[in-house]
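These notes concern the structure reproduced below.
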2 protein chains.
Amino acid sequence: MTGKERADAARNRRAILDAADRLFAESADPHTVSMNDIAAAAGVGKGTLFRRFGDRTGLIRQVYAARLAPLRDRIENGPPPLGPSGTPRERIVAIIDAIAAIKLENAHLMIALEEGGTPAHRLHESADYVAVHELLTDLVTASGGGVHAGWVAHVLLAAVRADLLQHMASVEKRSPAEIRANLQAFTTHTLSLRLPDDT
Amino acid sequence: MTGKERADAARNRRAILDAADRLFAESADPHTVSMNDIAAAAGVGKGTLFRRFGDRTGLIRQVYAARLAPLRDRIENGPPPLGPSGTPRERIVAIIDAIAAIKLENAHLMIALEEGGTPAHRLHESADYVAVHELLTDLVTASGGGVHAGWVAHVLLAAVRADLLQHMASVEKRSPAEIRANLQAFTTHTLSLRLPDDT
DNA sequence: TGGCTAAACGGACCACTGGTCCGTATAGTG
DNA sequence: CACTATACGGACCAGTGGTCCGTTTAGCCA
């Protein structure tokens, strides 16, 4: 992807990504983290930051991708139940659980990433959402879901939205264990849902 | 609530509310509607707008409340299945369906309202969300839900988030009828969910 | 009807934001 | 070592949410 990248450019890119990750994780409200702040924390000029990532949304997407890369790898190449050799049903449950786990661990950051940049950053059209939604749709179909597999996948993902999980954990003081246990039961249960017009 | 309000003040309040409602409904991305725009469209000065509503979030909340008032009234005083004389189960289904219907009809506006103002406008802590969540929690409990009724209520509401519904309708071209039918089946099905540690 | 005052008005103003631009510096190559 | 493509950084810009205060006016009382 980056056949040639000057050494200083590479160094700065990592510095910016690290700084952004840290600042978003520290602040409760993503909107209070400005591009200036990130540039300053990374020790680079603002121009550098924008040249590298285009705009705020671009930066956020990259941070997001970096954070989610390990999970994605475990899903695509890892061992069961997450990896491809598991049964569809157990993979679905494991994936939802893993998403919940990662979001509970990085609540602030994940909220920043879901809310995205200022512009029309439609969550449901972001590459990450689309990718996981497609995978889940396939798995739901494979596990015997009907023609509405895509709909079911949306609902499963709606239950693990970062702000909802954060609210359950921080405001309602539910333990991550409880949340994830409920989620598992919910996921399993929802897989037995039969929607209208299913053949 | 407004024991005394000067006539001009009342007139301006309505003008602002109407203008904001219209502008949010017209624009796809709520962030493109500025407070200046609203003030100009309402024919008032910006100072008036801020004095009346405090800040952007305050204005948005009021628009939201105005839009949802009829639904709230039907839930609190209307006939079954929405009203209080229905059974808990049928009320839950009817409420989720009514929320979906209203959000599908006013997609842009509802997204603006859920996303809220620039600051930390936590959806799950807004008065409107809390109110409907509490009501649903009570109904789930009354319908035989276990100790996790509040959790179930969250999940039901997650399935009717405005941006998700809008995505299903506009991007995936699902008809409102299909979405609502799926939602009804999902709601009914989820009410039979049994979570861990339920007595 | 004509004051009089508290309430409301409106737009200039402020700090700050995301984003652009271009003169300057430097990494890497032959 | 020189030369050039690449990258740097911060001054700069338009526009934002929000504040402030001098001016206007609604509503009351005589």
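Below, all heavy atoms of this structure are taken into account, side chains as well, without hydrogens, waters or symmetry copies. The sequence lines fix the lettering, A, B, ..., with proteins before strands; numbering per chain opens at 1.
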Counting just side-chain N and O atoms, does [X] come under 4.0 Å of either OP1 or OP2 of [N]?
| X | N | value |
| --- | --- | --- |
| Arg51(A) | dA7(D) | no |
| Asn12(A) | dC8(D) | yes |
| Arg52(B) | dC9(C) | yes |
| Thr48(B) | dA8(C) | no |

| request: Among the candidates dG10(C), dA7(D), dC9(C), find the nucleotide nearest to the side-chain atoms of Val44(B). | output: dG10(C)
| note | From the candidates dG18(D), dG19(C), dT17(C), the one with an atom nearest any side-chain atom of Arg56(B) is dG18(D)
| query | Taking NZ, NE, NH1 and NH2 as the nitrogens, is one of them in Asp128(B) or Arg67(B) under 4.0 Å from a carboxylate oxygen of the other? | reply | no
| said: If you assign each of Met35(B) and Ala7(B) to its closest nucleotide in DNA chain D, which residue comes earlier from the 5' end? | reply: Met35(B)
| Counting heavy atoms not belonging to Arg72(B), are there more than 12 under 6.0 Å from its CZ? | no
Between atom [atom1] in [X] and atom [atom2] in [N], what is the gap in whole Å?
| X | N | atom1 | atom2 | answer |
| --- | --- | --- | --- | --- |
| Leu49(B) | dT19(D) | CG | C1' | 13 Å |
| Phe53(A) | dG9(D) | CZ | P | 14 Å |
| Arg11(A) | dT6(D) | CZ | C1' | 14 Å |
| Phe50(A) | dC21(C) | CZ | P | 13 Å |
| Glu5(B) | dA8(C) | CD | P | 7 Å |
| Asn36(B) | dG15(D) | CG | P | 11 Å |
| Arg13(A) | dT6(D) | CZ | C1' | 15 Å |
| Ile38(B) | dG18(D) | CD1 | P | 11 Å |

| task | Between Asp37(A) and Lys46(B), name the one whose nearest nucleotide on DNA chain C is closer to the 5' end. | result | Lys46(B)
| task | Check if the side chain of Arg6(B) and the base of dA7(C) share a donor-acceptor pair of N or O atoms closer than 3.5 Å. | result | yes
| message | With side chain to side chain contact (heavy atoms under 4.5 Å, CB included) as the test, pick out the partner of Ile75(B) among Val132(B), Ile99(B), Ile95(B). | response | Ile95(B)
| task | Among Leu139(A), Thr141(A), Leu191(A), find the residue that satisfies the side chain to side chain contact (heavy atoms under 4.5 Å, CB included) test when tested with Pro88(A). | result | Leu139(A)
| query | How are the rings of His189(A) and His189(B) set to each other: parallel, tilted or perpendicular (split at 30° and 60°)? | reply | parallel
